[in-house]
Colleague: 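Can you keep this structure in mind? I'll have questions shortly.
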Amino acid sequence: MELSSEDNNLTDKVLPPVEQESDVELETKVKKYLRGEGANLEVYNMHIALMIVAFRCEMQFLIMVSTCLLQTLEDKKLKTHLASREKLYGKSAKAAAKIEKWLLPAEAGYLETDGLEKTWRVKQTDIANEVDLLSSRNQYDIVLPDFGPYRLDFTASGRHMLAGGRKGHIALVDMMSMNLIKEIQVRETVRDVAFLHNEQFFAAAQKKYAYIYGRDGTELHCLKERGPVARLQFLKNHFLLASVNKSGQLHYQDVTYGGMVASIRTGKGRTDVMEVNPYNGVVALGHSGGTVTMWKPTSQAPLVQMQCHPGPVSSVAFHPNGHLMATSGKERKIKIWDLRKFEEIQTIHGFHAKTLSFSQKGLLAAGTGSFVQILGDSSGGSSHNYSRYMNHPMVKGYQIEKLMFRPYEDVIGIGHSMGWSSILIPGSGEPNFDSWVANPFETSKQRREKEVHMLLDKLPPETIMLDPSKIGAMRPSRRKEKPSRGEIEAEKEVAIEAAKSTELKNKTKGRNKPSKRTKKKKEMVENAKRTFPEQGHNTTLKKRRIGEDAAAELPTSLKRFARKN
């Protein structure tokens, strides 16, 4: 039995169910990356019909529009160019969809409930029973009551964690294998810890000075210029270690050559609230007067000074995109700010947050006492409407010191008075990592190569500004336009009238004669006239005459180069 051509086409279109599902999934992803509807190049007949209707109805406007469209479509070169452009757009959308499907297979998963259930009622024990074995390992509680409270820091890849206890205990942990790499006891107070450009170096703010240590616990540098440091932050794109000390001084030190880049007196008193905006490298400080100031190393004055709260600011956090800032105050309020307009967009009442932290996907964690609350953006990022997403009560007696989300994992680290803990927050981390930016599985050779590239791509301190998109743009001209002769005359008349109408003070006998008062008025009018230069033509005429005389004195062989009037 022979099959017709139509039957052959039907058999070609029949695919296995798995391939059919993959094709449908790929088509939906392609639609997401398409740049709108493509140009309809097969509309020639429609325009001919429109032209006929226009001539019958004697509508001049339709005739003109149809003529222009016909001329456009008759241009074969333009039509070919548009067709090739649409073809390229389709290829790029398909390539992006394939990359998302095969190279970015992981997807962020959020808690979803049915009916009247609430996500914030889900407990950590319920989540641990449902996740896989590797994810359940990220839920732990390290109890070290003799060395707390602890402050935490993660590397950019989320592979390593640094924990620093107030009583001098510093520990470096590999979070993937849960192995302790190194722990040291410095035998003095540790107020803060921070990683430098990778896990090979870290800084600790101790009782009198700040110190830089190696991965093996070796003390490399003692930074005595800063004094007793309260908080540390590292600007990885600029290789700057920023710190604020007890007296409110802000210091920037370049760790590549060890020089002090800037030392700034804030003038706002002591503060222990410090955060770096990842978008532009601007350092934000929270003060006891309720203000948040933003600084850069090349300026002794704050770039921005915002009155955020009526009382002391207890914590500041920045969204990964750099356009949102969250602040908390002692008056039990959390405020969300839009830094593009410096406006408050949301206020969350009834929660005093000692520490705040944004995740890679925009979740906001707030901790106080022994209670952690996670706020999620229910609007999907369009209006930034944060509401309660998850809750986690700690063991009674634990006092939270620091919250920090672990990059590329649905995990948040909690440093508290009895050690440090980790809980699972579904949907908080970026599911797919870029190995060129942050690779949790990098080898020692890859780490060395990356360090060299980071040093070559190091940005100077002058590039730290509120709007980094202005870098490389041309500065607008500040040259003022010269006023016209009419404007100058009008200003001159106004100044003369003001001088004439000025009332003179009554002076003692002999100095208040009418002649002296008239003379004084004339002097004031002359002074007003002197501020406006005369706009005569004498200078131009004089220049012309000088030019004509110079041309007359030229030799015969050079007279042909003289300017002719």
Colleague: Give the intermediate values and the outcome of side chain to side chain donor-acceptor pair (under 3.5 Å) for residues Ser328 and Ser314.
Modeller: CA-CA 6 Å; Ser328 63; Ser314 56; 2.8 Å; yes
Colleague: Determine whether Val261 and Leu240 satisfy the following criterion, side chain to side chain contact (heavy atoms under 4.5 Å, CB included), listing intermediate values before the conclusion.
Modeller: CA-CA 8 Å; Val261 175; Leu240 294 177; 3.7 Å; yes
Colleague: Would you please classify the geometry between the Trp420 ring and the His169 ring as parallel, tilted or perpendicular, with 30° and 60° separating the classes?
Modeller: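 Answer is parallel, since the angle falls under 30°.
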Colleague: Side chains of Ile264 and Tyr252: does their closest heavy-atom pair fall under 4.5 Å?
Modeller: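 A side-chain contact under 4.5 Å exists here.
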Colleague: So, for Pro440 and Met176, which heavy atoms are closest and what is the spacing to 0.1 Å?
Modeller: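 In this case the closest contact between Pro440 and Met176 is CB-CE, 3.9 Å.
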Colleague: Step by step, would you call Ser135 with Asp132 a side chain to side chain donor-acceptor pair (under 3.5 Å)?
Modeller: CA-CA 6 Å; Ser135 298; Asp132 59 317; 2.6 Å; yes
Colleague: First locate atom CG of Asp457, then atom CZ of Phe239, and finally report the distance between them rounded to the nearest 0.5 Å.
Modeller: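 Answer rounded to 0.5 Å: 9.5 Å.
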Colleague: Measuring from Leu223:CG to Gln206:CD, what's the distance to the nearest 0.5 Å?
Modeller: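 Rounded to the nearest 0.5 Å, the CG-CD separation comes to 10.5 Å.
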Colleague: Treating Ser422 as the side-chain partner and Asn138 as the backbone partner, does any N or O pair qualify as donor plus acceptor under 3.5 Å?
Modeller: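 It does hold such a pair.
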Colleague: Less than 4.5 Å apart, any side-chain heavy atom of Gln360 and any of Arg406?
Modeller: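 No, too far: nothing below the 4.5 Å cut-off.
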Colleague: Would you say His323 and Asn321 are linked by a side-chain donor-acceptor pair, where the criterion is simply a distance under 3.5 Å?
Modeller: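 Judged by distance alone, the side chains do not pair up.
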Colleague: Report yes or no: does Ser315 contribute a side-chain atom to a donor-acceptor pair with the main-chain N or O of Ala353 at less than 3.5 Å?
Modeller: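 It does not hold such a pair.
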Colleague: Just how far is it from atom CG of Asp410 to atom OH of Tyr110, taken to the nearest 0.5 Å?
Modeller: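 So the CG of Asp410 and the OH of Tyr110 are separated by 8.5 Å.
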Colleague: Does Tyr150 have its ring centroid less than 6.0 Å away from the ring centroid of His416?
Modeller: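 No - the distance between ring centres of Tyr150 and His416 does not fall below the 6.0 Å cut-off.
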Colleague: State, to 0.1 Å, how close Ile336 and Ala326 come at their nearest heavy-atom pair, and which atoms those are.
Modeller: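 It is CD1-CB, 3.9 Å.
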Colleague: Quick check on Gln307: does its CD atom have over 12 non-hydrogen neighbours (other residues, nucleotides or ligands) under 6.0 Å away?
Modeller: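 Buried by this count: over 12 neighbours within 6.0 Å.
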Colleague: Apply the test side chain to side chain contact (heavy atoms under 4.5 Å, CB included) to residues Leu424 and Val411: give CA-CA distance (whole Å), side-chain angles for both, the deciding distance (0.1 Å), then the verdict.
Modeller: CA-CA 5 Å; Leu424 301 177; Val411 173; 3.9 Å; yes
Colleague: Just jot down the ring-ring contact (aromatic ring centres under 6.0 Å, His included) partners of Phe202, sequence neighbours excluded, or say none.
Modeller: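 Residues passing ring-ring contact (aromatic ring centres under 6.0 Å, His included) with Phe202: Tyr213.
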Colleague: Please find out if less than 6.0 Å separates the ring center of Tyr211 from that of His221.
Modeller: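 Judged by ring-centre distance (under 6.0 Å), Tyr211 and His221 do not meet the cut-off.
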Colleague: For Thr266 and Gly248, indicate whether the former's side chain and the latter's backbone hold a donor-acceptor pair under 3.5 Å.
Modeller: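 Judged by distance alone, yes, a pair lies under 3.5 Å.
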Colleague: Are Arg215 and His160 close enough, and set up right, to give a side chain to side chain contact (heavy atoms under 4.5 Å, CB included), and what steps lead you there?
Modeller: CA-CA 11 Å; Arg215 179 190 172 106; His160 298 87; 4.0 Å; yes
Colleague: For the pair Asn245 (side chain) and Arg226 (backbone), establish whether a donor and an acceptor sit closer than 3.5 Å, ignoring hydrogens and angles.
Modeller: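 Pair found, side chain donor or acceptor close to backbone of Arg226.
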Colleague: Should Lys208 and Glu188 count as an ion pair when the cut-off is N to O under 4.0 Å?
Modeller: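 No, no charged N to carboxylate O under 4.0 Å.
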Colleague: Would you say NZ of Lys236 has more than 12 non-hydrogen atoms from neighbouring residues, nucleotides or ligands within 6.0 angstrom?
Modeller: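 Counting neighbours around NZ of Lys236, 12 or fewer heavy atoms of other residues, nucleotides or ligands fall under 6.0 Å, so no.
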Colleague: Under 3.5 Å, is there a donor-acceptor pair between the side chain of Asp192 and the main chain of Ala230?
Modeller: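 No: the side chain of Asp192 does not pair with the backbone of Ala230.
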Colleague: Would you call Ile345 and Leu324 a side-chain contact if the rule is heavy atoms closer than 4.5 Å?
Modeller: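 With C-beta onward as the side chain, the pair touches.
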Colleague: How many angstroms lie between atom NE2 of His197 and atom OG1 of Thr155, to the nearest 0.5 angstrom?
Modeller: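 So the gap between those two atoms works out to 12.0 Å.
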Colleague: At what distance, to the nearest 0.5 angstrom, does CG of Leu196 lie from CZ of Phe201?
Modeller: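 One finds 7.5 Å between CG of Leu196 and CZ of Phe201.
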Colleague: Are Asn439 and Phe433 close enough, and set up right, to give a side chain to side chain contact (heavy atoms under 4.5 Å, CB included), and what steps lead you there?
Modeller: CA-CA 7 Å; Asn439 186 7; Phe433 64 88; 3.6 Å; yes
Colleague: Any side-chain heavy-atom pair from Arg388 and Asn391 closer than 4.5 angstrom?
Modeller: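 A side-chain contact exists here, since the closest heavy-atom pair is under 4.5 Å.
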Colleague: My understanding is that only one of Lys335, Glu331, Lys333 makes a side chain to side chain donor-acceptor pair (under 3.5 Å) with His309; could you say which?
Modeller: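 Of all the options given, the one that passes is Glu331.
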Colleague: What are the two closest heavy atoms between Phe342 and Leu466, and how far apart are they?
Modeller: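 In this case the closest contact between Phe342 and Leu466 is CZ-CD1, 4.4 Å.
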Colleague: Kindly give the heavy-atom pair with the smallest separation between Phe358 and Tyr386, and that separation in Å.
Modeller: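 Looks like CE2-OH, 3.4 Å.
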Colleague: Does the pair Arg151/Glu401 count as a salt bridge with the N-to-O cut at 4.0 Å?
Modeller: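 Salt bridge between Arg151 and Glu401, a charged N being under 4.0 Å from a carboxylate O: yes.
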Colleague: Kindly compute the distance separating CG (Leu339) from CG (Asn280), expressed to the nearest 0.5 Å.
Modeller: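 Going from CG on Leu339 over to CG on Asn280, the span is 8.5 Å.
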Colleague: Within a strict 4.5 Å, meaning less than it, do heavy atoms of the Leu375 and Phe351 side chains meet?
Modeller: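 Not touching, per the 4.5 Å side-chain cut-off.
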Colleague: Does one side chain, of Lys458 or Thr256, offer a donor that lies under 3.5 Å from an acceptor on the other?
Modeller: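 The answer is yes; a qualifying pair exists.
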Colleague: Please assess His251 against Ser263 for the test side chain to side chain donor-acceptor pair (under 3.5 Å), listing each intermediate value before the final yes or no.
Modeller: CA-CA 5 Å; His251 296 90; Ser263 178; 3.2 Å; yes
Colleague: Show every side-chain hydrogen bond (donor to acceptor under 3.5 Å, both in side chains) that has at least one partner inside residues 116-131, sequence neighbours left out.
Modeller: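 Every pair satisfying side-chain hydrogen bond (donor to acceptor under 3.5 Å, both in side chains) with a residue in residues 116-131: Gln124-Gln139.
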Colleague: Has Asn179 got a side-chain atom pairing as donor or acceptor with Ile181's backbone, closer than 3.5 angstrom?
Modeller: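 No: the side chain of Asn179 does not pair with the backbone of Ile181.
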Colleague: Does Asp174 have any salt bridge (charged side-chain N to carboxylate O under 4.0 Å, His left out) partners at least two apart in sequence or in another chain, and if so, which?
Modeller: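 Expected list: Arg159.
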Colleague: For the pair Tyr389 (side chain) and Gln373 (backbone), establish whether a donor and an acceptor sit closer than 3.5 Å, ignoring hydrogens and angles.
Modeller: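 Pair absent, no side-chain N/O of Tyr389 close to backbone of Gln373.
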Colleague: Got a donor-acceptor contact below 3.5 angstrom from the Ser359 side chain to the Ser428 backbone?
Modeller: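 Answer holds: yes.
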Colleague: Under 3.5 Å, is there a donor-acceptor pair between the side chain of Arg332 and the main chain of Gly350?
Modeller: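 Present.
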Colleague: With no hydrogens and no angle check, is any side-chain donor or acceptor of Gln253 less than 3.5 Å from a backbone partner on Gly258?
Modeller: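 Indeed, once roles are kept as given, a pair shorter than 3.5 Å links the two residues.
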Colleague: Give the minimum heavy-atom separation between Val313 and Thr291, together with the two atoms involved.
Modeller: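 Val313 and Thr291 have their closest heavy atoms at CG2-O, 3.9 Å.
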Colleague: Quick one: closest heavy-atom pair of Pro461 and Pro297, and the distance?
Modeller: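 Where Pro461 meets Pro297 most closely, the heavy atoms are CB-CG, 3.8 Å.
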